[in-house]
Amino acid sequence: MSSSRQAARDLLARWPVVDGHNDLPWALREQVRYDLDRRDIATDQSAHLHTDLPRLRAGGVGAQFWSVYVRADYAGDKAVSASLEQIDVVRELVARHPGELRLALTADDMEAARAEGRIASLMGAEGGHSIHNSLATLRALHRLGVRYMTLTHNDTIGWADSATDEARHNGLTAFGEEVVREMNRCGMLVDLSHVSAATMRDALRVSTAPVIFSHSSARAVCDHPRNIPDDVLAQLSANGGVAMATFVPKFVLPAAVEWTQRADENMRAHGLHHLDTTEEGMRVHRAFEAAHPRPKATVATVADHLDHMREVAGVDHLGIGGDFDGTAFTPEGLADVAGYPNLIAELLDRKWSEDDLAKLTWQNAVRTLRAAEDVARAEQRRRGPSHATIEQLDG
């Protein structure tokens, strides 16, 4: 083992990774309809998943935001009920593995889990369609343990523009701004991954609490609309938020962008959703890759993004959000959740200090959630819950 890799492991033993986004719950839904006996994450699941408990341990993961994602074409009450099912499976995973996982609702819970040697398990809802235009539903998700909500997924919704769909609102509508204010009042982090640049800027203008990007990288390094423009990164210092760099090759490697578009078209031509990671979906992906070799990102590709993000946003505003089990392809050296030491070793070789790496892996994310809790307490003293509707505010 190289000296840098050993140093990375030693650092992660003290300051483990808080990962901002892992789609294991959706993979469990797609692959086995939540039959956790068929995908027992206490054992090696590398044939099916990026994630299991032994590899989380090998990767030095100390806290995981589990994505309680539902597809954007799940509309209305279907989206709400599917979100509840996703929350349910996270709670079931924690209940099945109490020696390894601890449900975390607060920054203090995260620190307690670290002290106990357990992995803090938090939840993030990926897409504002999950609340079906209801602030009461937003509050209910928070009570059930959801600690961030990504304002959109891949599709523009009734109150916020997505990065990867046609813009209809030039950012947030009046109701979208009210959603952000109510998230601040609840203590739910506003997640700006997946949203358009105009939505990012609107949310930063409205939010009184730090925001996060749970899994986005630098647009200046890879010009993909899912990434963060430099002017937005530069605002994180004043806001106090955190940008959590992702590993998805099509978001970090320019050469992978066009290839992925063709791979997605191939999936749709086979009658499959482009994000399908079932066995059938992966067979189609692998066949396409065999015929059309893909450009491969590496650990160094991701480190290039972090170097740039540190320069623009500052090291106090960086984190990691791998998007494991939510992507068909991963960089070399970051094949699964065991790969984080490779990234930390690369950054050590680039002369990142141990203090800076402790901020990247653990401290920044914990501080951001604690700051959101502080804002929520102040907001709750000032006002009660909002009962505004999209019809009232947007007409």
| Charged tip of R310 within 45° of W352 ring normal and under 6.0 Å |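 Yes.
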Side chains of residues 326-334: which donor-acceptor pairs under 3.5 Å do they make with residues two or more places apart or in other chains?
unit_1, atom_1, unit_2, atom_2, d
T327, OG1, F329, N, 3.4
T327, OG1, F329, O, 2.9

Counting only heavy atoms not in [X], do more than 12 fall under 6.0 Å of its [atom1]?
X	atom1	answer
D374	CG	yes
E258	CD	yes
Q380	CD	yes

Ignoring hydrogens, what is the shortest heavy-atom contact between [X] and [Y]? Give both atom names and the distance.
X	Y	result
N184	A209	ND2-CB, 3.6 Å
A303	L347	CB-CD2, 3.8 Å
S386	L135	OG-CD1, 3.3 Å
P16	R114	CD-CD, 3.7 Å
A203	V190	CB-CG1, 4.4 Å

| Are E346 and N342 close enough, and set up right, to give a side-chain hydrogen bond (donor to acceptor under 3.5 Å, both in side chains), and what steps lead you there? | CA-CA 6 Å; E346 174 72 19; N342 296 330; over 6 Å; no
Aromatic ring centroids of [X] and [Y] under 6.0 Å?
X	Y	result
H224	F251	yes
F288	W259	yes
H129	Y74	no

| Should V252 and L306 be regarded as members of a common hydrophobic cluster, given that ILVMFWY residues are connected when their side-chain heavy atoms come within less than 4.5 Å of each other, either directly or indirectly? |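 No, it is not one cluster - the side chains of V252 and L306 are not joined through contacts under 4.5 Å.
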| query | Would a hydrophobic clustering, with Ile, Leu, Val, Met, Phe, Trp and Tyr connected at side-chain separations under 4.5 Å, put V221 with V232? | reply |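 V221 and V232: separate clusters.
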| query | According to the interplanar angle, ranging from 0 to 90°, do the rings of Y340 and F324 count as parallel (below 30°), tilted (30 to 60°) or perpendicular (above 60°)? | reply |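 Perpendicular.
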| Would you call the rings of Y148 and H21 parallel, tilted or perpendicular, where under 30° means parallel and over 60° means perpendicular? |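 Geometry flag for H21 against Y148: parallel rings.
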Tell me whether [X] contacts the main-chain N or O of [Y] through its side chain, where contact means a donor paired with an acceptor under 3.5 Å.
X	Y	value
T51	L24	no
R91	L144	yes
E126	T150	no
R367	G240	yes
H273	L275	yes
N364	K359	yes
D202	L172	yes
D316	S237	no
R29	E85	no
D161	R168	yes

[atom2] on [Y] to [atom1] on [X], rounded to 0.5 Å:
X	Y	atom1	atom2	result
E354	L357	CD	CG	7.5 Å
H308	L233	NE2	CG	6.5 Å
R139	M183	CZ	CE	13.0 Å
T260	H274	OG1	NE2	10.0 Å
L49	D23	CG	CG	11.5 Å

| said: Checking E373 against R370 for the salt bridge (charged side-chain N to carboxylate O under 4.0 Å, His left out) test, could you report, in this order, the C-alpha distance in whole Å, the side-chain angles of both residues, the deciding distance, and whether it holds? | reply: CA-CA 5 Å; E373 295 165 9; R370 180 167 282 119; 5.1 Å; no
